[in-house]
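Heads up, the thing below is written out as structure tokens.
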Amino acid sequence: MKTKYDKYGALHVGSGGKLVDRNGEAVALHGYSTHSLSWYPEYVNRDFLENMRDEWHIDAIRLAMYTAEEDGYCVGDDANRARLVEVVDRGVKAATELGLYVIIDWHILSDSNPLIHEDLAADFFELVSSRYAAYGNVFYEICNEPNVDCTWADIKQYADRIIPIIRKNDKYAVILVGTPKWSQRLDEAVSDPITIDDNLMYVVHFYADTHRDELRQVYKDAIKAGLPVFCSEFGTCAADGNNAHNAEEAEIWLQLLEANDTSYLMWNISNRDETSAAFVPECDNYAGPYRDSDLREPALWYKNRLTGK
Ligand code: IDC
């Protein structure tokens, strides 16, 4: 099966702010994010990803490596870190064999400011960017969702340290940078962009039952200003990852992103008891194939949408 990666190869940020191939043609990725690699590593295997590629038509997978939550990279011991690096490696290699793009996500959340674990982030990105330097399909997301009182200046300070580490090893990979307020304040990046590198994109996240016109306006203004924007995580439900599945609002969002060739990946691959999980709790199948009854409503909606059903 010919995948988007087989067709377009390594991507970069074009002069208009879009993700483009070597001929300058815009390419948007559509995929899924894992849940915490510490909690749900079982899904990171070749059969599972092959099923997602062939049955769901995803072309990208995001490996969400939590940093501070239970057994996260920065709160566990060295053995835990080694295990997580292994899971990332398994995910990157499987994705590569299958012709999928893969995002390595430093998933800060309760550690609201990326400067808190800056040294560990520096070590981690040194390791992965040297290991995957020759891979054309790898993206680095350097901080998932800065939040609470983390400022854009803090994020820029962190980016000023991490981006050169990645670039020293990997000249061409696209780097994704989270924005303040749980990756919603694209406007701050518009008024004060990162200037040390031009192959990067700014991240927006939305949960369709919570974030509506106001955040869409922030996104529209950023696009109008030519800001490179990437949606590495969205939900059709509320911002807590739970409660109602709002297909109507989600549809408005995805059509808007599609009109601007913005990539999007849905949250989350797990069978956790919450609306945003792809699988129902009773489904303990980590490889597929899946019946529709194994899927939660948002996942079935997404799968049907991606496969044109
Ligand atoms: C949520 C998970 C939930 C977990 C919680 C805390 O769905 O199972 O208990 O994190 O670890 C985000 C975050 C993402 C959140 C998600 C839903 O990036 O980690 O996952 N969300 O709340 N931003 C907005 C929503």
Side-chain angles (χ1 to χ4, degrees), residues 31-44 60-76 80 84 87-88 103-114 116-117 121 139-150 155 176-186 201-212 214-216 218-219 229-246 249-250 253 257 263-281 283-284 295-299 302:
Y32 237 113
S33 175
T34 70
H35 200 297
S36 167
L37 296 182
S38 306
W39 303 346
Y40 297 98
E42 304 88 345
Y43 295 98
V44 183
I61 180 87
R62 176 185 191 231
L63 302 171
M65 192 183 75
Y66 274 70
T67 48
E69 275 69 9
E70 194 187 345
D71 291 328
Y73 191 84
C74 305
V75 293
N80 183 58
L84 286 168
V87 180
V88 169
I103 300 169
I104 300 176
D105 163 35
W106 183 258
H107 200 87
I108 68 162
L109 189 61
S110 60
D111 47 343
S112 53
N113 189 322
I116 295 174
H117 295 298
F139 287 52
Y140 302 101
E141 184 169 4
I142 65 174
C143 50
N144 167 48
E145 290 185 353
N147 61 76
V148 189
D149 50 9
C150 178
I155 300 168
L176 306 177
V177 185
T179 54
K181 199 180 169 197
W182 292 274
S183 285
Q184 294 173 39
R185 295 294 306 271
L186 296 171
M201 305 187 92
Y202 300 88
V203 171
V204 68
H205 288 170
F206 70 86
Y207 281 75
D209 199 41
T210 302
H211 310 116
R212 304 187 185 187
E214 200 184 324
L215 184 57
R216 281 193 284 264
V218 172
Y219 166 81
V229 179
F230 193 101
C231 177
S232 60
E233 182 185 310
F234 80 91
T236 61
C237 58
D240 62 359
N242 216 342
N243 295 299
H245 160 61
N246 193 332
E249 285 292 326
W253 266 111
L257 299 186
S263 300
Y264 53 76
L265 290 87
M266 193 186 236
W267 181 259
N268 73 72
I269 295 167
S270 79
N271 63 350
R272 198 167 175 84
D273 192 8
E274 59 183 4
T275 309
S276 59
F279 305 107
V280 296
C283 174
D284 57 0
L295 312 184
R296 279 185 178 266
E297 213 184 345
Y302 192 45

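All of these numbers come straight from a predicted model, not from anything done at the bench. Each ligand, and each atom within it, is numbered from 1 in the order the structure gives.
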Seminar exercise, completed: In this structure, atom 8 (O) of ligand 1 is nearest to the protein heavy atom Arg272 NE, 2.6 Å

Exercise. Should the pair Trp267 and His35 be assigned to parallel (<30°), tilted (30 to 60°) or perpendicular (>60°) ring geometry?
Worked result: tilted

Problem set entry | ligand 1 atoms in contact with His107 (distance to a heavy atom under 4.0 Å) | 13 (C), 14 (C), 18 (O), 19 (O)

Exercise. Any non-hydrogen atom of Glu233 lying under 4.0 Å from ligand 1?
Worked result: yes

Exercise. Quick check, are the ring centers of Trp39 and Tyr66 under 6.0 angstrom apart?
Worked result: yes

Exercise. What orientation do Phe139 and Phe230 show, parallel under 30°, tilted 30 to 60°, or perpendicular over 60°?
Worked result: tilted

Problem set entry | Which atom of Cys283 lies closest to which atom of Tyr43, heavy atoms considered | O-OH, 4.5 Å

Exercise. At a 4.0 Å threshold, what atoms of ligand 1 neighbour a non-hydrogen atom of Asp240?
Worked result: 17 (C), 22 (O)

Exercise. Considering distance alone, does some N or O of Ala239 sit under 3.5 Å from an N or O of ligand 1?
Worked result: yes

For this session: From the options Trp39, Tyr66, Phe234, Tyr40, select the one whose nearest heavy atom is closest to atom 1 (C) of ligand 1.
Result: Tyr66

Problem set entry | Atoms of ligand 1, numbered as shown, that sit under 4.0 Å from any heavy atom of Glu145 | 12 (C), 13 (C), 18 (O), 23 (N), 24 (C)

For this session: Could you tell me if any non-hydrogen atom of Tyr207 lies under 4.0 Å from any atom of ligand 1?
Result: yes

Exercise. So is there a nitrogen or oxygen of Asn144 less than 3.5 Å from a nitrogen or oxygen in ligand 1?
Worked result: yes

For this session: Give the numbers and elements of all ligand 1 atoms closer than 4.0 Å to a heavy atom of Glu69.
Result: 11 (O)

Seminar exercise, completed: atom 2 (C) of ligand 1 sits nearest the protein heavy atom His35 NE2, 3.3 Å

Problem set entry | Donor-acceptor pair, side chain of Thr67 and main chain of Gly72, under 3.5 angstrom | no

Exercise. Which bit of Glu274 gets closer than 4.0 Å to ligand 1, counting heavy atoms only: side chain, backbone, both or neither?
Worked result: side chain

Exercise. Between the main-chain N or O of Ser110 and the side-chain N or O of Glu69, is there a donor-acceptor pair closer than 3.5 Å?
Worked result: yes

For this session: Fit a plane to each ring of Tyr302 and Phe234, take the angle between them on a 0 to 90° scale, and name the class: parallel (under 30°), tilted (30 to 60°) or perpendicular (over 60°).
Result: perpendicular

Problem set entry | Under-4.0 Å heavy-atom contact with ligand 1, by part of Leu109 that carries it | side chain

For this session: Please determine which of Asn271, Val280, Thr236 meets the side chain to side chain contact (heavy atoms under 4.5 Å, CB included) test together with Arg296.
Result: Val280

Exercise. What orientation do His211 and Tyr207 show, parallel under 30°, tilted 30 to 60°, or perpendicular over 60°?
Worked result: perpendicular

